Amino acid sequence: MKTHLTVVNNNIFGLNLLRFAAVVLVVMSHFYLFSSSSPAIVAQMASVFGFLGIEILLVLSGYLLGMNMLNRLVGTTERKGTIVLSYLKSRTWRVLPLYYLFLTIVFVVALCVGFPVTDSWKYWLFLQNFSTPIPSFFPESWPITVGFFASIALILSLAIMVAIFSPKRHSMMFLMITIFFMLLSFCLRIRFYTLSPNTTLQTWDQQLKSVVIYRLDSFFIGVLFSWICFHRNLWWGRIKYWFAGYALMLFFFLFVGVGYFGWHIEAQTFFWDVLYLPLTSLASALLLPLFSQLHATGFVALFASVGRRISYSLFLIHYSVLMVIAEHLFNISTLKFSVYFLVSLLYLGVACFVSFLFYHFFEKPLIDKGRNF
């Protein structure tokens with residue numbers, strides 16, 4: 001049964017709101033981690049919110065791409081191979097130009113402030129964290145590479161699928177491809193655990209959490225939920241509050257309960273290396289039924305729609321460009337915490353405004369050009 005929740009234009013209020021909120025969590029978490037005067041509890045919460053924001057973005061990206069591909073591959077009379085490749089072209093116009101623009105800007109900013117740049121060639125090929133820890137330069141780019149390789153893997157796999165299998169089997173093969181990549185990341189994390197049985201939290205953060213080959217399943221969990229939504233749309237509508245409740249309970253366990261029960265990484269290395277990240281992604285995915293069915297009109301809907309449009313620019317520019325410039329010019333890390341909140345709101349407003357300018361004058365014209373290319 002074809003779903004009524006068609007999201008080919010990616011313009012559902014709840015999903016727009018979720019994406020923008022996730023990016024804001026990342027932006028504000030980096031801002032508070034930058035402060036030398038933040039209380040320990042604030043720094044800890046900032047770290048959790050930033051981690052959660054990125055997990056939501058990875059899962060949401062997989063969900064949206066999965067829904068787009070399913071709407072194009074199932075129930076249409078167009079040539080399926082042409083559909084898949086045309087979508088790959090549109091993704092290229094959507095992702096690559098803005099990434100390379102900001103990468104160039106980040107290089108210039110790093111040279112101006114005297115920040116060392118290592119392995120610069122890897123960034124141009126999205127290889128900075130493919131199988132090894134990302135360098136200290138442009139560290140926030142790691143989710144972009146995860147989404148890039150996961151998208152390419154899914155789209156190319158679907159192109160091969162439609163060339164080999166009959167249309168009646170496309171949906172099931174879509175599911176099999178999704179499960180394959182989820183299992184691949186799972187097995188690679190088990191391999192990581194067997195080779196590094198005494199992982200520390202710092203090692204986990206650098207060598208596992210932000211490395212592409214170990215994180216593909218976060219994206220494909222979102223793809224899996226798109227398949228469920230597409231084929232079980234009536235059930236999808238009934239379980240939204242239940243799944244949201246399960247998501248909150250799972251988040252509470254992962255961010256509070258794990259510490260309460262003393263499941264520290266030194267004592268529960270297998271849990272952290274193999275299970276913790278996909279469980280966080282699963283909790284994020286459990287929010288999708290609720291947010292995919294939220295609706296609004298007027299200013300609220302417009303706000304969420306604009307937030308969705310500027311989210312990619314906002315994510316790329318906020319840390320290694322705007323925050324580095326702000327710290328270099330104003331030394332914001334030394335501000336008293338009592339005024340840091342107001343400064344952070346001002347920073348967020350400036351970041352959103354600059355991101356809107358990049359979207360309006362650079363990203364949107366390229367997207368429009370890609371549609372007509």
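Everything numeric in this text was worked out from a predicted model, so none of it was measured. Along the sequence shown, residues carry numbers from 1.
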Please check: side-chain N/O of [X] versus main-chain N/O of [Y], any donor-acceptor pairing under 3.5 Å?
X      : Y      : result
Asn16  : Arg308 : no
Glu363 : Leu98  : no
Asn71  : Met67  : yes
Trp227 : Ser171 : yes
Ser185 : Ile213 : yes
Ser151 : Gly147 : yes
His30  : Gly50  : no

Checklist outcome for this item: Sorted by chain and residue number, the side-chain contact (heavy atoms from CB on, under 4.5 Å) partners of Leu183 (sequence neighbours excluded) come out as Ile179
Looking at every heavy atom in both [X] and [Y], which two are closest together, and how far apart are they?
X      : Y      : result
Ser218 : Arg215 : OG-NH2, 2.7 Å
Phe138 : Ser320 : CA-OG, 3.6 Å
Ala46  : Ser29  : O-CB, 2.8 Å
Ser292 : Ile12  : O-CG2, 3.5 Å
Ile134 : Pro139 : CD1-O, 3.6 Å
Val59  : Ser284 : CG2-CB, 4.1 Å

Checklist entry - Is any side-chain N of the basic residue among Lys209 and Glu55 closer than 4.0 Å to the acidic one's carboxylate O? => result no
Which value, rounded to the nearest 0.5 Å, describes the distance between [X] atom [atom1] and [Y] atom [atom2]?
X      : Y      : atom1 : atom2 : value
Ile177 : Met182 : CD1   : CE    : 14.0 Å
Leu57  : Leu52  : CG    : CG    : 9.5 Å
Leu58  : Ile54  : CG    : CD1   : 7.5 Å
Ser61  : Tyr63  : OG    : OH    : 13.0 Å
Leu158 : Leu65  : CG    : CG    : 8.0 Å
Phe181 : Phe220 : CZ    : CZ    : 5.0 Å

Do [X] and [Y] have side-chain heavy atoms sitting under 4.5 Å apart?
X      : Y      : result
His318 : Met28  : no
Phe358 : Leu316 : no
Phe51  : Leu277 : yes
Phe192 : Gln207 : yes
Ile160 : Ser157 : no
Lys122 : Pro135 : no
Thr203 : Leu208 : no
Phe130 : Leu125 : no

Verify whether the ring centers belonging to [X] and [Y] lie closer than 6.0 Å.
X      : Y      : result
Tyr99  : Tyr312 : no
Phe149 : Phe219 : no
Phe107 : Trp124 : yes
Tyr319 : Trp142 : no

Does atom [atom1] of [X] have more than 12 heavy-atom neighbours, drawn from other residues, nucleotides or ligands, at distances under 6.0 Å?
X      : atom1 : value
Phe362 : CZ    : yes
Met173 : CE    : yes
Trp235 : CH2   : yes
Met176 : CE    : no

Checklist entry - Using the ring of each side chain (for Trp, its six-membered ring), is Phe356 parallel, tilted or perpendicular to His360, with breaks at 30° and 60°? => result parallel
Next on the checklist: In terms of relative ring orientation, are Tyr123 and Phe137 parallel, tilted or perpendicular, with 30° and 60° separating the classes?
Outcome noted: perpendicular
Checklist entry - What's the verdict on side-chain contact (heavy atoms from CB on, under 4.5 Å) for His231 and Leu175, showing C-alpha distance, side-chain angles and the deciding distance? => result CA-CA 11 Å; His231 290 282; Leu175 178 61; over 6 Å; no
Next on the checklist: As a test of understanding, state which of Val27, Leu322, Val306, Leu314 forms a side-chain contact (heavy atoms from CB on, under 4.5 Å) with Ser355.
Outcome noted: Leu314
Item to check | CA sep, side-chain torsions, deciding dist, call: Phe115, Val324, side-chain contact (heavy atoms from CB on, under 4.5 Å) | outcome: CA-CA 10 Å; Phe115 190 87; Val324 170; over 6 Å; no
Checklist entry - Can you list the steps and then say if Thr145 with Gln128 is a side-chain hydrogen bond (donor to acceptor under 3.5 Å, both in side chains)? => result CA-CA 8 Å; Thr145 58; Gln128 62 265 39; 5.1 Å; no
Checklist entry - How far apart are the C-alpha atoms of Phe102 and Ser141, what are their side-chain angles, what is the distance that settles it, and do they pass the side-chain contact (heavy atoms from CB on, under 4.5 Å) test? => result CA-CA 10 Å; Phe102 282 118; Ser141 67; over 6 Å; no
Are [X] and [Y] connected in the hydrophobic side-chain network, where two residues link if heavy atoms are under 4.5 Å apart?
X      : Y      : value
Leu111 : Leu101 : no
Leu282 : Leu248 : no
Phe180 : Val162 : yes
Tyr100 : Val108 : no
Tyr347 : Leu342 : yes

Item to check | Evaluation steps, side-chain contact (heavy atoms from CB on, under 4.5 Å), between Leu96 and Phe148 | outcome: CA-CA 9 Å; Leu96 295 188; Phe148 173 79; 3.8 Å; yes
Tell me which donor-acceptor pairs under 3.5 Å the side chains of residues 251-274 have, and how far apart each pair is, sequence neighbours excluded?
{"from": "Thr269", "atom 1": "OG1", "to": "Pro197", "atom 2": "O", "distance (Å)": "3.4"}
{"from": "Thr269", "atom 1": "OG1", "to": "Ile265", "atom 2": "O", "distance (Å)": "2.8"}
{"from": "Trp272", "atom 1": "NE1", "to": "Trp263", "atom 2": "O", "distance (Å)": "2.7"}
{"from": "Asp273", "atom 1": "OD2", "to": "Thr199", "atom 2": "OG1", "distance (Å)": "2.9"}

